[in-house]
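Letters A, B, ... are given to chains in the order of the sequence lines, protein chains preceding strands, and every chain is numbered from 1.
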Amino acid sequence: MEKILALARKAASQAEVFMVISEETPVHFEANRLKHIQSKQSAFVALRLVKEGRLGYAVSTRSDNAQELVDMAVETSRFGMAARFELPLPQSYPEVPLDDPKVTAVPLETMIRLGEEMIARVRRHTPELLCEASVSRSAISVRLLNSQGAQAAYHKTVFSLGLEGSLIHGTDMLFVGESQSAGHPLLRPELVTDPVIEQLERARESVTVSTGTLPVILSPNGVASTLLISLMTAFNGKTVLQGASPVGHRLGQPVFDRKLWLWDDATLAFNPQSRPCDDEGVPSQRTPLIEAGTVSNFLYDLQTAALANTISTGSASRGRGSLPSPAPSALVIAPGQSGLEKMMADIKEGLLVEFIMGAEQGNVLGGDFGGNVLLGYKIAGGQVAGRVKNTMISGNIYELLKNITLSRETKWVGGSLKTPYILFPAISVSSNS
Amino acid sequence: MPTISEAGEKLSRILKGTAADFIEAHLEENRASYMTYRGRELEAVGRTTSSGGNIRALSRGGWGFASFNSLDDLPGKVALAVAQAKLAGNETSHLTPMAPTVKPDWASLNDSPVDIPLAEKKALLDEYNELIWSTPKLKTSVIGYGDSQKRTLYLNSEGSRIAQQRADVTLRLTAIAAQDSDVQQVGLSLGSRGEFAVMKNRHREIAAMAQRAVDLLAAPCVNGGEYTVVLDPVLAGVFVHEAFGHLSESDFVYENERMKEIMTLGREFGPPELNIVDSARLPDRRGSYEYDDEGTPAHHTYLIQEGKLVGRLHSRETAARMNEAPTGNARSINYHYPPIVRMSNTFIEAGTASFQDIIADIKEGIYARNWYGGTTSMEMFTFSAGEAYMIRHGRIAEMVRPVVLTGNVFTTLKNIDGIGNDLHMNEGGGCGKSGQFPLPVSDGSPHIRIRHCLIGGC
């Protein structure tokens, strides 16, 4: 890395080298049986430079060919965007505990037993359930150097559990599932089996729901599969800068229900999305996005922030080695006052929605969502009456988020979103069952 | 670090001496470039080079898999994959035997899109972006261009050694119109198996796309509910891919007794006019190849013939487990992933009806065109149109906001009651499954008509 930086400095006014090395070991079960054990090692090095005021960028999986990497980055700089920022100076980063050596020490045999136990537990409840399961551990090393002298290096561990089950009667199919991940070993199978068993319980009966406008509760999984993509696009500084965000010109204004609080936090200990600094060396922080329904911040990286005359929120993310771009880390929606049961109690006819299929396919920018209820339950007389099928819900999140009720209970969805259940009093429901 | 040819030499010796029921290696070298516009300016331009590989071993029905970027310590990687397979396996391995294929050298690839000067690519994209921006009331644009060229080398313990290469070009343009808090967008996706020229001369389509985004601001919403829907070839291609193609992938079926009952060959799925094919052998499509990632030659597979289920897509393992012939559909997006059962080029064969025939007797329906996306849960599917119009009394009427369509595959295929004579393949899509996205595929169809299709309102 030092060699790449040294070569790049000869060709460019600013340069930054970013390297990620990772090793993931997933154990997969299919059709209730152990099927695959894998080991995935990957490494890439990315060079970003500023030459004659313009950004150049190149990525390679080989760190032993520094000159080729520099040449490629220089070539692209002829066409790159004008760089509007200075790379960060050396600075201190917040202490964010991310590395638990116990993760990589979990033996394969233990991971296999965990998978077997997950499957056995849900099949004790529903013997005919056909399961896929995965147990995975990974270790990631990130290093960053720049021509200003800044340096960052950290290690992160992630442990994940996932379980999906299917139940088929004739051509009728039921899909249930849950996943969890964290920076510590997750050695308790009930973390995923309890929610799956709850889904199976709620889906025991098949019922039909009316077409019309009904109260709908989105579970934490439901929130993730309907609202999240639109919100994340809207609060991305790039979308805002482009004038394409429906909330871009509403900073400081009340846009949502006053009960809604949303923030992005890259500093949570042992969260898979956390890190001491972002992917261009800016310190991590907790960034409020919605405070009491008011739009309070957008997410920025260095370049986007400079173009927007503001400062980076430490949100630069590289995806799979691409140029840094603003992205959320872990999102948190604050809980409300009501218990889930109390929220359901007042509903004569409505839905509790767990998974929506296809919600990300609509006009995400405009906040429209619409999708098939892959797993959802009818609420009748204040209680879950059974599973609905052949049902779509649709709406616009900017309309719907003006009037919500949030549950006291919250849950992590896959390590990237912590949210309560959210009740919307009126959502368009279409059903042909 | 060694080249993949040098690594291949070493590996072919190591594989011969390794004890497992089956073992294979994939090696790959990849070069790519991309350009992204967000708004008026070119936002990102970059180049990548990548090399790596994987070893996959089968022992007593269990698979071990080790993927890597470093081509050093190959014996250690083979040993790791074999040890994992042995730990995972506790029954009998099933894999259709295959005669070894030797195709040792890469053919020379004449015009790699990666080697076209960035300046030439940028000049074309600049023209398109100016065109979008010259549309009155248009807010902004997003353009993503990417090209890649890869060489792969496949080796296995049966003695196969197959060198292949492919190039890929994709271009996605989105025009965004906004008024107050209302934001509307229209996209166009283009793709080609390595031909940059396919991206040229698209000015008229792109101007029309930008104008449509502006027009959508004034377009009304459709009420949710059941409609007779006519799909254009692009959207019908997405429909056949989502609604039926994924269901044909045997890895969902081979260990699932209930799915086997549903997918019994001979079962009636649609009207007698319905024929559905998956073929990696179509010339020069994005989903085409000569050998799949298990060394099986590509096939032309009928999935539905005259409305009845007649075939499905296989890897060597699913074929052996179901006692059927492999179809050459084991594919991976790159060396970080093991091959799994995937589609290639999937399409509904042309029928006889003209477009006029198809819409003539529809009193009130929806004409849905172009795609936004699609997904499936096997039984249920949803896919979204990029454009939609009302059909009134046999004529295309006003434009409406784009719609999301959903349904149950088993009833929806039976509800197809019109198949056009205008088959067209779309190259602009990428398929995702089990975390492997985007896999180059193409899909296609003529215009089709579906009764009782559920549409989400807005």
Side-chain angles (χ1 to χ4, degrees), chain A residues 30-31 34-44 57-62 64 68 72 75-76 78-81 108 112 130 166 168-169 171-173 175 211 238 242-244 246 321-323 357-358 360-363 365-366 368 370-372 374 389-390 392-394 396 398 428 430 432, chain B residues 1 38-39 41-52 62-70 80 84 87-88 118-119 122 139-140 176 178 181-185 224-226 255-256 258-259 262 336 372-375 377-380 382-384 402 404 406 408 410 452 454 456-458:
Chain A
E30 283 176 23
L34 177 60
K35 184 81 188 175
H36 290 270
I37 302 175
Q38 306 185 352
S39 146
K40 297 179 163 194
Q41 303 170 347
S42 79
F44 72 84
Y57 195 65
V59 179
S60 178
T61 56
R62 301 178 72 132
D64 61 353
E68 185 191 19
M72 288 196 306
E75 182 196 348
T76 63
R78 284 176 49 213
F79 311 98
M81 215 178 185
L108 279 175
I112 293 169
L130 200 62
S166 66
I168 304 178
H169 290 290
T171 61
D172 172 54
M173 301 183 193
F175 296 93
T211 292
K238 274 197 179 172
Q242 230 184 329
S322 55
L323 265 169
M357 185 169 72
E360 73 284 2
Q361 292 163 16
N363 174 18
L365 273 179
D368 294 341
N372 191 313
L374 184 59
K389 284 182 63 180
N390 301 315
M392 284 190 87
I393 63 170
S394 52
N396 181 286
Y398 298 102
S428 160
S430 325
N432 68 351
Chain B
M1 207 159 74
R38 189 180 289 265
E41 253 197 283
L42 179 64
E43 177 193 70
V45 48
R47 294 203 42 182
T48 62
T49 64
S50 146
S51 60
W63 288 98
F65 177 84
S67 70
F68 41 83
N69 286 118
S70 163
L80 177 63
Q84 289 170 338
L87 189 56
L118 290 173
K122 180 169 183 290
K139 185 76 189 179
T140 188
I176 297 158
S181 285
D182 188 11
V183 179
Q184 291 297 321
Q185 51 178 326
E226 278 190 8
E255 291 185 303
N256 188 331
R258 295 262 168 74
M259 278 295 283
I262 293 172
H336 286 303
Y372 227 95
T375 188
S377 76
M378 300 295 107
E379 180 193 12
M380 300 290 181
T382 75
F383 56 102
S384 47
V404 177
T406 187
N408 174 309
F410 305 103
H452 308 297
L454 188 59
C458 58

*Short question: side chain of R62(A), backbone of M1(B) - any donor-acceptor pair under 3.5 Å?*
yes
_So, using side-chain contact (heavy atoms from CB on, under 4.5 Å) as the criterion, who are the partners of S377(B) when residues are at least two apart?_
F175(A), M357(A), L374(A), M380(B)
*Selection from G62(B), A178(B), G39(B), S50(B) maximising heavy-atom pairs under 4.5 Å formed with chain A*: S50(B)
*Distance from L42(B) atom CG to T76(A) atom OG1, nearest 0.5 Å?*
9.5 Å
*asked:* I'd like to know if the side chain of N372(A) reaches the main chain of T382(B), judged simply by a donor and an acceptor atom lying under 3.5 Å from each other, with no hydrogens or angles considered.
replied: no
_At a heavy-atom distance under 4.5 Å, which candidate from G64(B), A88(B), A66(B) has the highest pair count against chain A?_
A88(B)
_Toward chain B, the part of I112(A) with a non-hydrogen atom under 4.5 Å_ = side chain
*Kindly compute the distance separating CZ (F410(B)) from CG (D172(A)), expressed to the nearest 0.5 Å.*
10.0 Å
*asked:* Go through it in stages, so that I can follow the logic: the residues are N256(B) and S166(A), the test is side-chain contact (heavy atoms from CB on, under 4.5 Å), and I'd like the CA-CA distance, side-chain angles, deciding distance and then a yes or no.
replied: CA-CA 10 Å; N256(B) 188 331; S166(A) 66; 4.3 Å; yes
_To the nearest 0.5 Å, what is the distance between CD on E41(B) and CE on M81(A)?_
4.0 Å
_Heavy-atom pairs under 4.5 Å with chain A - which of I262(B), L454(B), N408(B), N69(B) has more of them than the others?_
N69(B)
_Once rounded to the nearest 0.5 Å, what's the spacing between atom OG1 of T49(B) and atom CZ of F44(A)?_
12.5 Å
_Could you measure the distance from the CG atom of L80(B) to the CD atom of Q38(A)? Nearest 0.5 Å is fine._
11.0 Å
*asked:* Less than 4.5 Å apart, side chain to side chain, heavy atoms only: is that true for L118(B) and R78(A)?
replied: no
*asked:* For the NE2 atom of H36(A) and the CH2 atom of W63(B), what is their distance to the nearest 0.5 Å?
replied: 8.0 Å
*Residue S42(A) versus chain B: region with a heavy atom under 4.5 Å*: both
*Do any N or O atoms from the side chain of R258(B) and from the backbone of I168(A) form a donor-acceptor pair under 3.5 angstrom?*
yes
*Out of G52(B), S51(B), S70(B), which one racks up the most heavy-atom pairs below 4.5 Å with chain A?*
S51(B)
*Identify which of G371(A), G243(A), S322(A) forms the greatest number of heavy-atom pairs closer than 4.5 Å to chain B.*
G243(A)
*Neighbour count >12 (heavy atoms, 6.0 Å) for atom NZ, K139(B)*: no
*asked:* Tell me which of these, D182(B), L87(B), I176(B), has more heavy-atom pairs under 4.5 Å with chain A than the rest.
replied: L87(B)
*Taking all non-hydrogen atoms of both residues into account, name the closest pair between A44(B) and L323(A) and its distance.*
CB-CD1, 3.2 Å
_So for E30(A), is it side chain, backbone, both, or neither that comes closer than 4.5 Å to the heavy atoms of chain B?_
both
*Partner chain B: residue of Q41(A), Q242(A), M72(A), K40(A) with the largest heavy-atom pair count (under 4.5 Å)*: Q242(A)
*Heavy-atom distance under 4.5 Å to chain A: side chain of E379(B), backbone, both or neither?*
both
*chain A: which of K122(B), M259(B), Q185(B) shares the most heavy-atom pairs with it under 4.5 Å?*
Q185(B)
*So which part of L130(A) gets closer than 4.5 Å to some heavy atom of chain B, the side chain, the backbone, both or neither?*
side chain
